[in-house]
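Everything below concerns the one structure shown next.
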There are 2 protein chains.
Amino acid sequence: MTLRDVAKLAGVAPITASRAINTPDQVSAEVLRKVQEAVVRTGYVPNRMAGGLASSRSRLIAAVTPSTVMSVFMGTIEALNGTLFDAGYQLMLGQTSYSAEREEALLEAIIGRRPDGIFLTGLLPPGKSRTLLMASGIPVVESWDLTPTPIDMLIGFSHSDIGREVARYLASKGHRKMAVVRASDERAEQRARAFSEEVLQLGLTPVVEVNVGSSRSITSGRDALTQLLDACPDVEVVFCSSDLLALGVLTQARVLNIDVPGRLAIMGFGDTPLASDMVPALSSVRINGEEIGQLAARCLMDRAEGREVLRPMVDVGFSVIERDSA
Amino acid sequence: MTLRDVAKLAGVAPITASRAINTPDQVSAEVLRKVQEAVVRTGYVPNRMAGGLASSRSRLIAAVTPSTVMSVFMGTIEALNGTLFDAGYQLMLGQTSYSAEREEALLEAIIGRRPDGIFLTGLLPPGKSRTLLMASGIPVVESWDLTPTPIDMLIGFSHSDIGREVARYLASKGHRKMAVVRASDERAEQRARAFSEEVLQLGLTPVVEVNVGSSRSITSGRDALTQLLDACPDVEVVFCSSDLLALGVLTQARVLNIDVPGRLAIMGFGDTPLASDMVPALSSVRINGEEIGQLAARCLMDRAEGREVLRPMVDVGFSVIERDSA
DNA sequence: TTGAAAGCGCTAACAA
DNA sequence: TTGTTAGCGCTTTCAA
């Protein structure tokens, strides 16, 4: 079933059928009716590959994320996808699985599809992929971080600010011996560094840090607390790089009969649905991931449709959420 | 940058350049070298829309899921995506957000892209979408359930079998007053129904059921337990329709100082990473979601590439995982 | 408001 | 092994 078949059935030229389908107000009521009828009768579904090739507009947006299972980014991706779909776009999803090599192959595959825009979770460091992307001329949104030198557009927040603010918050609660439990990703490291620096600035005990590597499970959190207590038995508060890790620390604290927040306070990151439902409820840092997704969708569509992008760099900020655990 | 530019630079015909890129062993070493050099020098990335249009093979697979955040399906989608990507395919992701209306629009949009295959989480009930899909001739895999009348291929397991087996398992542990806490989705209902029937068969107290509606959070689980204890204070075990709900029930039990599994046993579903890390560790029903994704990828690619599909209907089964909570 | 012609960038089919 | 020709299904441009 092609446009020609529909046109023939409706007794018009293919281009007229195309207009009836895509820009119905450019066509007489009579023609519109006949074409619509023909579409229904034939079950015609336009071939968007052909349309995209002819118009150089694919109505496809690609999104790149490190992982999808239990990932903090999924709220963003879901919002992005929802906003795009309502406007007639579709989402292609790529996973890097935290591998730079894979990311490069992925970006080349994505560029090959000629999407109207690309959404990246995180920043793209200088390298072959970045060069390729910039050369392609495809609108890009980087996200979940800030930098003075984005590829194109940017919607994020400052991880250093978070580290500092959490340090001040915990200090204000009277904690003096602070620790960090974190995964080995760059943004977590950035938060941890700023956190440690601020703690020193405040004249408190230097921060003890446990790096759980690339596994970001509850178990890692449990193991990390054990390790931490070995190194520093009188630690008073742990700032975790994700709610999942915090949940692990919390779980292990319960197993060891350590009172939370009485003897040990715990702070998460991400404010996932898990956090508020824990007992004790987990204090965390809230990021409005949905907002990032929605804004990114708007930016990319504005670019794709030739409109000026009003705010190509947005800091969506964050908020420290005080609950029972810290 | 098009293939023509590359060909010109390499001093060959476009089709020869195409061969050098796509089927390098059909081309002399000399030509291969020249074309590769031209590709590097121009930064050429083939336009897959054009290639897809010409060859009627898009190398695109579409996947449809109800939701992505904290969803049990994401392991499947991740495995699907990984397997496909390694074979040169890409994934388009669509979300129905549990809306039939949206699902229909989504499927039409998907068909418009002429993907080489479509993966559905769940079964597609008879209706306009199903008709459209069957008419399109695109290979389809339905999943996470069984039916004698799939659209095309099917990779799943029996929810009724699960309900029955869990009932027998819990009965074997000496429980007599059983309850179900479930979300209002069809598969959860199927498990609950079979569970209740089997409990009656075994001559035990009829099952009390709490339906938490469409919200599938930890909070729903907590509320559900409160509700359940109101209705039936001496309940001995709760079979939940997801690990997340089970975690909620577990949390609330702790708040109410109810011993688990001593006074109340809890059984989850999905065996997500959460389950094994809880304290007490959550007994659950394990589904090999990754296997479903991998098998589906194989089936769809086999079909797309004209190979015979050896096993178009697969029951991947399940296993009851005994841990501390039940 | 409608249509004819040309072409988007690539590959299938055939020929040399 | 390489090239020529034709066309995938649609939209752009221009003309009526």
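Naming: A, B, ... by sequence-line order, numbering from 1 per chain.
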Item to check | E30(B) CD - dT2(D) P separation (whole Å) | outcome: 9 Å

Next on the checklist: Please tell me if S56(B) has a side-chain N or O lying less than 4.0 Å from either OP1 or OP2 of dC8(D).
Outcome noted: no

Checklist outcome for this item: Of the candidates dG3(C), dT11(C), dG9(D), the side chain of L53(A) sits closest to dG9(D)

Next on the checklist: Do L124(B) and I151(B) have side chains that approach each other closer than 4.5 Å (heavy atoms only, starting at C-beta)?
Outcome noted: yes

Next on the checklist: If you count every heavy atom of other residues, nucleotides or ligands that lies below 6.0 Å from E305(B) atom CD, does the total exceed 12?
Outcome noted: yes

Next on the checklist: A side-chain contact here means heavy atoms from C-beta on lying under 4.5 Å apart; do C299(B) and I155(B) qualify?
Outcome noted: yes

Checklist entry - Starting at CZ of R33(A) and ending at C1' of dT1(C), how long is that distance when rounded to a whole Å? => result 17 Å

Next on the checklist: What is the separation between atom CD1 on I111(A) and atom P on dG9(C), rounded to the nearest whole Å?
Outcome noted: 16 Å

Checklist entry - At what distance, to the nearest 0.5 angstrom, does OG1 of T16(A) lie from CG of L32(A)? => result 12.0 Å

Checklist outcome for this item: From the candidates dC14(C), dG9(C), dT11(D), the one with an atom nearest any side-chain atom of A50(B) is dG9(C)

Checklist outcome for this item: Ranking dG9(D), dT2(C), dC10(C) by distance to the side chain of V31(A), first place goes to dT2(C)

Checklist outcome for this item: Among dT12(D), dC8(D), dA12(C), the one nearest any side-chain atom of S55(A) is dT12(D)

Checklist outcome for this item: Between NZ of K8(A) and P of dG3(C) the distance, given in whole Å, is 14 Å

Item to check | Separation of dG9(C) C1' from D5(B) CG (nearest whole Å) | outcome: 10 Å

Checklist entry - What integer distance in Å separates Q26(B):CD from dG3(D):P? => result 14 Å

Next on the checklist: Counting distance alone, no hydrogens or angles: does the base of dG9(D) have a donor or acceptor under 3.5 Å from a partner atom on the side chain of R48(A)?
Outcome noted: no

Checklist entry - Over how many whole Å does the gap from M49(A) atom CE to dT11(C) atom C1' extend? => result 12 Å

Checklist entry - From dG7(C), dA12(C), dG3(C), pick the nucleotide closest to the side chain of I15(A)? => result dG3(C)

Checklist outcome for this item: L3(B) CG to dC8(D) P, in whole Å, measures 20 Å

Checklist entry - Any side-chain N or O of S28(B) under 4.0 Å from OP1/OP2 of dT2(D)? => result yes

Item to check | Given DNA chain C, 5'-ward residue of the pair G51(B) and R19(B), judged by closest heavy atom | outcome: G51(B)

Item to check | Residue-phosphate contact under 4.0 Å: N47(B) side-chain N/O, dC8(C) OP1/OP2 | outcome: no

Next on the checklist: Side chain of T16(A) only, heavy atoms from C-beta on: which candidate in dG7(C), dG3(C), dT11(C) is closest?
Outcome noted: dG3(C)

Checklist entry - Reckon P14(A) touches a base, only the sugar-phosphate, or nothing at all at heavy-atom distances under 4.0 Å? => result nothing

Checklist entry - P66(A) versus F73(A): any side-chain heavy-atom pair under 4.5 Å? => result yes

Next on the checklist: I'd like to know if the side chain of T96(B) reaches the main chain of Y98(B), judged simply by a donor and an acceptor atom lying under 3.5 Å from each other, with no hydrogens or angles considered.
Outcome noted: yes

Item to check | Residue V27(A), side-chain atoms from C-beta onward, closest of dT11(D), dT2(C), dT11(C) | outcome: dT2(C)

